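Right, one structure below, let's go through it.
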Amino acid sequence: MQHVFKMEQEEYTKEEIDWSYIEFIDNQDVLDLIEKKPGGIIALLDEARMFPRSTHETFAEKLYQTLKDNKRFSKPKLSRTDFTINHYAGDVTYQTDIFLDKNKDYVVPEHAALLCASKCSFVSGLFPPLHEESTKSTKFSSIATQFKQQLQSLLETLSATEPHYIRCVKPNNLLKPGIFENNDVLQHLRCGGVMEAIRISCAGYPTRKNFDEFVQRFSIMEPRVLKSCPDEMTACKRLLDKANLKDYQIGKTKVFLRAGQMAELDACRAEVLGRSAIVIQKKARTYICEKQYKLLRFSAIELQRAIKGQLARRRYECMRRDAASLIIQKQIRIEEETMQKGHQDLELHANMDQYLGGTRCFGYDICLQRGTLGEDFLFRHSIANVSNVQFILSSFPSASKLQGLKSRAFVYKDIAFHENISYFSFLALGGEHE
């Protein structure tokens with residue numbers, strides 16, 4: 001009980017925190033009753049071993065006389081050799097019938113040392129080295145003395161370390177799984193000091209953290225606290241105020257929290273982490289969606305560009321064909337008009353030659369009137385004009401006149417293609433007329 005409860009309150013005093021002393025049941029007097037010299041039970045048992053005539057009756061009588069005033073020791077009413085010790089867990093009655101025999105169950109130290117030095121690990125493990133005090137004090141070491149030495153070593157180990165206990169509780173007396181006897185379990189917890197430890201923990205500060213550990217764990221609740229605070233103690237205070245905690249204590253090197261306050265801090269921390277996770281998820285999903293949107297947008301633009309290009313090329317081809325068709329139609333109309341005009345001129349000239357007899361002066365006048373027009377026209381459209389002349393000649397019934405017109409047409413054709421001289425110029429220079 002001293003190690004479980006006293007050391008905790010000693011830490012409160014060491015850290016100089018404001019606290020009130022907590023009363024608890026201490027079992028130090030029970031330990032003194034068992035192991036203290038010269039009036040302890042173990043000391044009296046070793047003393048009884050020194051006398052060969054000692055019996056369990058004489059040992060019990062010696063206990064009654066020596067420990068009658070101890071409040072933890074009592075004598076049962078219906079027994080002459082038993083005794084009762086008031087432990088923390090409850091009253092326990094011991095029978096002294098075989099105490100002396102069990103205490104004499106010892107091994108000679110020389111034999112134990114010989115077996116301890118064995119090369120066989122199993123044999124040497126059965127006989128651990130004896131304590132030096134036992135070998136110096138007496139030739140033989142009793143079982144009670146060895147138990148006392150082991151208990152003292154355990155207490156020294158506990159005082160030098162920070163122990164963590166695992167309570168093993170027997171759920172039932174039948175030793176079967178799945179069965180829990182509530183009264184027995186509760187009795188085990190009370191006897192093991194678990195209930196008392198819970199009471200003291202709730203009354204004190206069961207949770208404590210060093211400043212650096214506390215700031216490292218809970219600085220996420222206020223990320224700017226490390227930059228704005230000059231030391232870790234101030235940072236711890238700001239973090240605790242951020243969580244709206246009350247009745248906590250700040251020591252020299254640690255933060256002391258009441259029962260349940262660590263759970264509140266963890267809940268606040270989990271809430272902050274949850275919000276941060278939501279923000280991270282939002283950013284990640286935004287990035288993924290934006291990336292997909294850009295990809296779809298780029299694909300749509302490329303698809304539209306390809307379609308618009310194809311449509312533009314088709315429209316351009318249609319426009320080019322329309323423009324070409326217009327040019328062809330225009331040229332055809334110009335050709336038709338030119339051919340029609342030339343046809344009229346030839347027809348007029350043929351009629352005039354027919355009815356007027358055709359003279360050089362007349363041809364010369366016609367040449368002057370037409371000028372370059374007739375020359376260019378006949379050169380560029382000679383084939384069409386020849387066809388027109390042939391068509392005109394076919395309309396005259398007289399064979400002699402028809403023959404004359406044909407001869408003139410052939411002469412016109414030869415001059416137009418080979419000598420590049422117009423028909424009117426030919427007549428003006430003295431060509432024969434029929």
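In what follows, residues are counted from 1 in the order of the sequence shown. Note that the coordinates shown come from a computational prediction; the quantities given were computed from them, not determined experimentally.
- Across Leu265 and Met221, no two heavy atoms sit closer than the pair O-SD, 4.3 Å.
- Here Ser121 contributes atom OG and Leu126 contributes atom CG; the two are 9.5 Å apart, rounded to the nearest 0.5 Å.
- Side-chain contact between Gln261 and Thr207: absent, with no pair of heavy atoms (C-beta onward) separated by less than 4.5 Å.
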- Chi angles and distances behind the side-chain contact (heavy atoms from CB on, under 4.5 Å) call for Asp184, Lys170: CA-CA 8 Å; Asp184 292 344; Lys170 185 170 69 174; over 6 Å; no

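- Rounded to the nearest 0.5 Å, atoms CG (Leu273) and CD1 (Ile278) are 11.5 Å apart.
- In summary, Glu302 and Arg305 engage in a salt bridge, as defined by a charged side-chain N under 4.0 Å from a carboxylate O.
- Across every non-hydrogen atom of Ile17 and Gly251, the tightest pair is CG2-CA, 3.7 Å.
- Within the 4.5 Å cutoff, no side-chain heavy atoms of Val255 are placed close to those of Glu213.
- Around atom CG of Asn183, no more than 12 heavy atoms belonging to other residues, nucleotides or ligands sit under 6.0 Å away.
- Nearest heavy atoms, Glu232 versus Phe211: OE1-CB, 3.4 Å.
- Looking at Glu317 and Arg313, no side-chain N of the basic residue comes within less than 4.0 Å of a carboxylate O on the acidic one, giving no salt bridge.
- In terms of modelled atom types and a separation under 3.5 Å, the side chain of Asn172 and the main chain of Leu174 share a donor-acceptor contact.
- Rounding to the nearest 0.5 Å places SG of Cys120 at 10.5 Å from CG of Leu115.
- Between Val30 and Asn86 the shortest side-chain heavy-atom distance does not fall below 4.5 Å.
- Atoms OG and CD, on Ser276 and Gln281 in that order, are 11.0 Å from each other to the nearest 0.5 Å.
- Between the side chains of Arg190 and Gln187, no donor-acceptor pair of N or O atoms lies under 3.5 Å.
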- Message: Using side-chain contact (heavy atoms from CB on, under 4.5 Å), reason through Leu240 and Phe218 one step at a time and then give a plain yes or no.
- Response: CA-CA 9 Å; Leu240 291 169; Phe218 298 105; over 6 Å; no

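- Between the side chain of Arg72 and the main chain of Ile85, no donor-acceptor pair closer than 3.5 Å is present.
- Residues Ser325 and Asp322 have side chains that never bring a donor and an acceptor to within less than 3.5 angstrom of each other.
- Looking at every heavy atom in both residues, Ser118 comes nearest to Ser124 through O-CB, 3.7 Å.
- Salt bridge status for Glu271 with Arg275: present, with a side-chain N to carboxylate O gap under 4.0 Å.
- Ionic pairing of Lys14 and Glu11 is not present here: no N-O contact between side-chain nitrogen and carboxylate oxygen is shorter than 4.0 angstrom.
- Annotation: side chain of Pro171 is not in contact with side chain of Ile179 (no heavy-atom distance under 4.5 Å).
- In this structure, the separation between CG on Leu33 and CD1 on Ile41 is 4.5 Å, given to the nearest 0.5 Å.
- Taking the six-membered ring for Trp and thresholds of 30 and 60 degrees, Phe83 and Phe73 have nearly parallel ring planes, at less than 30 degrees apart.
- Checked by atom type and distance alone, the side chain of Gln249 never pairs as donor or acceptor with a backbone atom of Arg258 at under 3.5 Å.
- A salt bridge between Lys254 and Glu15 is absent, with no side-chain N of the basic residue lying under 4.0 Å from a carboxylate O of the acidic one.
- A pairwise comparison of heavy atoms in Val215 and Cys236 identifies CG2-SG, 3.7 Å as the closest pair.
- The environment of CD in Gln95 is sparse: at most 12 heavy-atom neighbours from other residues, nucleotides or ligands sit within 6.0 Å.
- Counted by atom type alone, Thr93 and Thr84 present one or more donor-acceptor pairs between their side chains at under 3.5 Å.
- The two residues Gly39 and Leu67 come nearest to each other via the heavy atoms O-CD2, 3.2 Å.
- No more than 12 heavy atoms of other residues, nucleotides or ligands shown are found within 6.0 angstrom of CD on Gln216.
- Counting only distance, with no hydrogens or angles, the side chain of Ser153 and the backbone of Gln149 share no donor-acceptor pair below 3.5 Å.
- The CG atom of Leu239 sits 11.5 Å away from the CD1 atom of Ile220 when rounded to the nearest 0.5 Å.
- Glu337 has no carboxylate O lying under 4.0 Å from a charged side-chain N of Lys341, or vice versa, which leaves the two without a salt bridge.
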